[in-house]
Amino acid sequence: NDSLAATNQRKMDSKDVKQDASCCSPVCVHNPHLDALKDDVLYHFSLGTGTHDLPAMFGDVKFVCVGGSPWRMKSFIEYIAAELSMEDPKAEYPNICAGTDRYAMYKVGPVLSVSHGMGIPSIAIMLHELIKLLHHAHCTDVTIIRIGTSGGIGLEPGTVVVTKQSVDATFQPKFEQVILGKTVVRNTDLDQSLAEELLQCSKELSQFETVIGNTMCTMDFYEGQARLDGAFCSYTEKDKQDYLSKAKEARVCNIEMESSVFAAMCKLSGLRAAVVCVTLLDRLKGDQLSSSHEVLHSYQQRPQILVGSYIKKQLKAK
Ligand code: R2B
Ligand code: URA
């Protein structure tokens, strides 16, 4: 992990990397085998270097927002288009990945919106291809934000959490993956200044409560998050409460299923990354998502509103 990160830093500092005076941070891949490929097929996007002009399609991307549901990522791009007054808000936005039903992708101006499905394996596959796409397109200075949902710990439902550190189910700030039969440990640091800027932006918006804290990333929604309402459960209500109390002591504010690998992969590729998730319920009080569709829908718009206002502010400052 450290050697990968160090090599990437050297690459970023090196004069071999195409840079101009205003652009300094490329999107790094670290894979010598890629150079040997004649064409790179981004299979799960139904895109590729041999079939698409990726620099022409994506070279201007500066902000990437990712989230679980394809529907939500479409509604995000419509919202952004209206916010930035960039296009007719009633225009139809084509799904750039229409050739596959694995992920959906939308673009307006410098903003790209991509769905990632549920869980670490799903987002990891998407991120491998997204990072290669941004690299092939020669994008520079890209900020990437996951906008999502989560279960809160001792927070009023609807609170937005900006992640300080992503931790695993043992509250450690690391992401473990088995590669060639060996466990590789990667760090889950996110960009602290970006998190602070998002928090500040939310204060200025003053539309909903936003906090900064740790986010626990689990491998499952039910037993993995200490729920009592899955198909299987071998622990008591007290065991659950004890575990969630320990999480709270470790400053965990919310629980979701993608932040650790997201943080790890973005760090390795030199992307400035943040995680912004709304809490749909307070896990100290229950497990079932029983609020009305309208309430849940309005909560889910909060990360979009916050990130939309952040992007608008950044583009205005240019
Ligand atoms: C949040 O919500 C999903 C589970 O309902 C999962 O993708 C996550 O991280
Ligand atoms: N997403 C999760 O992963 N957990 C929750 O409790 C709610 C949304």
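Read the numbers this way: they start at 1 and go in the same order the structure lists the ligands and their atoms.
Contact check for K240 versus D287: side-chain heavy atoms found under the 4.5 Å cut-off. P110 has its side chain within reach of L315: a pair of non-hydrogen atoms, C-beta onward, lies under 4.5 Å apart.
Ion pairing between a basic and an acidic side chain is recognised when a charged N comes within 4.0 Å of a carboxylate O; R102 and E129 show no such pairing. We find that E92 and K74 are joined by a salt bridge, their nearest charged nitrogen and carboxylate oxygen being less than 4.0 Å apart. The existence of a salt bridge linking D242 and K246 is excluded, since no basic side-chain nitrogen approaches an acidic carboxylate oxygen closer than 4.0 Å. E256 has a carboxylate O that lies under 4.0 Å from a charged side-chain N of R146, or vice versa, which qualifies the two as a salt bridge.
Although no hydrogens or angles enter the test, the distance criterion places a donor-acceptor pair under 3.5 Å between the side chain of T188 and the main chain of S166.
Sorted by chain and number, the heavy-atom contacts of ligand 2 below 4.0 Å come from T149, S150, G151, F221, Q225, R227, I255, E256, M257, L281.
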Starting from the N and O atoms of ligand 1, collect every protein N/O partner closer than 3.5 Å and put each pair on its own line with the distance to 0.1 Å.
residue  : atom  : partner : partner atom : Å
ligand 1 : 2 (O) : T149    : OG1          : 3.1
ligand 1 : 7 (O) : E258    : OE2          : 2.6
ligand 1 : 9 (O) : R146    : NH2          : 3.3
ligand 1 : 9 (O) : M257    : N            : 2.8
ligand 1 : 9 (O) : E258    : OE1          : 2.5
ligand 1 : 9 (O) : E258    : OE2          : 3.4

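Pairing each heavy atom of V64 with each of V66, the nearest pair is CG1-CG1, 4.0 Å.
Between F171 and Y243, the distance separating the two ring centers is shorter than 6.0 angstrom.
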